[in-house]
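One structure is given below, encoded as structure tokens.
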There are 2 protein chains.
Amino acid sequence: MALEHAILVSLLEQPGSGYELARRFERSIGYFWAATHQQIYRVLKRMESDGWIDARAVAQQARPDKKEYSVAAAGRDALSRWLDEPIEPESVRHELAVKIRGAAFGDPAALIREVERYREAHTERLTRYLAGERRDFPPVETAGAPDAGRELQHVVLRGGIAYERMTLAWLDDVLATLHRLASRA
Amino acid sequence: MALEHAILVSLLEQPGSGYELARRFERSIGYFWAATHQQIYRVLKRMESDGWIDARAVAQQARPDKKEYSVAAAGRDALSRWLDEPIEPESVRHELAVKIRGAAFGDPAALIREVERYREAHTERLTRYLAGERRDFPPVETAGAPDAGRELQHVVLRGGIAYERMTLAWLDDVLATLHRLASRA
DNA sequence: TCAAGCATGTAACCAGTTACATGATTGC
DNA sequence: GCAATCATGTAACTGGTTACATGCTTGA
């Protein structure tokens, strides 16, 4: 389990409300750890009662009040302990791969449109990542040496970019294979 | 949810017992859909009572009897219906990325050993995939044109290989970044 | 005799998903 | 007047993980 820890990291980078966290999980941190607002509110409540985070009511003009959370000492400790734990190999869930193998017992040609849609979604993601990179990580000459936090954020983003590029290349391979099978039949 | 469907695909490729399926989920199909034997037995029971699969008791010499499952007509239908459903974008869970960003609030140098262990696990996986490719997908000249099922299995395996190569390259990037930060501090 | 492999399961728990619910303000 | 954004939640369900449990055979 790591949602708690993803939230701790996000709140250390910047304190915020449950709502704000939910939006960050739609971008940025959500690129490598997805979570819905329901899940976030539930976990925030637990983390608060465990003393990992502190809540502070913030009044806003022309908007509902929000509860701004920040990381407490116990939360920092919990994060440190978690960072020291060995990394377990992640368990894979790749639905598209199951469908591709399943297509042998259905109609391979029918998958083509779906794969194309899927490919478009990944193209979009890559575009978004690259825009984020240009925006948040300008070349060193203009910006000077970045701090550790930024360097680490950048290397994670580069991982996302590499993943999307690899995926797009593979999807082209998949499409070529499906076309070949469709024309053969 | 796709465990049911992954099992259907696996049983269509080759009927087998729960135990055999569990072993396939440790190799082959498990490379892109992980499942433990507990989960598999539970789902098999449900699938049998839903009429998706048929069970047949098989006596074996010097071994406990096994229940061999094969896909029933209703199971084939269920698979077809599922293949026609649109593919939802997968939700990501990348624990290592969370840890890397978390390292900004701990000791980046301490992560190096963990990332190295992680890298080794992926090297091993790549080796396994490549061995599987050599074994199961010999060059066309020697084997003749493969059927659709094999072609599809091969393109999925190529995806796994591409993923592992991309991951290894990224982990080198991560390690270089962590070393740079460690030497700077 | 002891570990490894074959074979099948139950029970309790935890995490994630889906659906539902409320209420305010701003801009079109 | 209506959609969008801000803001926070509950409840029911489903799926996945962990721990526990049994018993047989073969080969070192």
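The figures that follow rest on heavy atoms only: side chains count, while hydrogens, waters and symmetry mates do not. Residue numbers start from 1 in every chain, and the chains themselves are labelled A, B, ... in the order their sequence lines are given, proteins ahead of strands.
The hydrophobic clustering, which links ILVMFWY residues whose side-chain heavy atoms are closer than 4.5 Å, places Tyr163(B) and Leu130(B) apart.
Side-chain nitrogen and oxygen atoms of Lys45(A) include at least one within less than 4.0 Å of the OP1 or OP2 phosphate oxygen of dT10(D). For Ser17(B), a side-chain nitrogen or oxygen approaches OP1 or OP2 of dT8(C) to under 4.0 Å. Applying the 4.0 Å criterion to OP1 and OP2 of dG16(D), one finds that Arg93(A) has a side-chain N or O inside that range. When the side-chain nitrogen and oxygen atoms of Tyr19(A) are compared with OP1 and OP2 of dC6(D), one or more of them lie within a distance under 4.0 Å.
The residue Gln38(A) sits close to a base: some heavy atom pair falls under 4.0 Å.
Using a 30° and 60° split on the angle between ring planes, Tyr41(A) and His37(A) fall in the perpendicular class, above 60°. Using cut-offs of 30° and 60° on the angle between ring planes, the pair His94(A) and Trp170(A) is perpendicular.
Distance, Ile7(B) CD1 to dG15(D) P: 12 Å, rounded to whole Å. Atom C1' of nucleotide dG16(C) and atom CD of Gln39(B) are separated by 14 Å, given to the nearest angstrom. Atom CZ of Arg24(B) is separated from atom P of dA7(C) by 12 Å (rounded to the nearest Å). Note: CD (Gln60(A)) to C1' (dT8(D)) measures 13 Å, nearest angstrom. Atom P of nucleotide dA7(D) and atom NZ of Lys67(A) are separated by 14 Å, given to the nearest angstrom. In this structure, the CG atom of Leu44(B) is 9 Å from the P atom of dG9(C), given to the nearest Å. Atom CD of Glu26(B) and atom P of dA4(C) are 15 Å apart (whole Å). Residue Leu21(A) contributes atom CG, which lies 12 Å from atom P of dA7(D) at whole-angstrom precision.
Side-chain atoms of Arg42(B) stay outside donor-acceptor range of the base of dT14(D), with no qualifying N/O pair under 3.5 Å.
Each of Arg23(B) and Ser91(B) lies near DNA chain C, and the nucleotide nearest Arg23(B) is the one positioned closer to the 5' end. Projected onto DNA chain D by closest heavy-atom contact, Arg46(B) and His37(B) fall at different nucleotides, the more 5' of which corresponds to Arg46(B).
Closest non-hydrogen pair, Gly16(A) versus Leu11(A), comes out as N-CD2, 3.6 Å.
Judged purely by distance below 3.5 Å, without hydrogens or angles, the side chains of His5(A) and Glu95(B) never pair a donor atom with an acceptor atom.
Comparing dA7(D), dC6(C), dG9(C) by their nearest atom to the side chain of Tyr41(B) picks out dG9(C).
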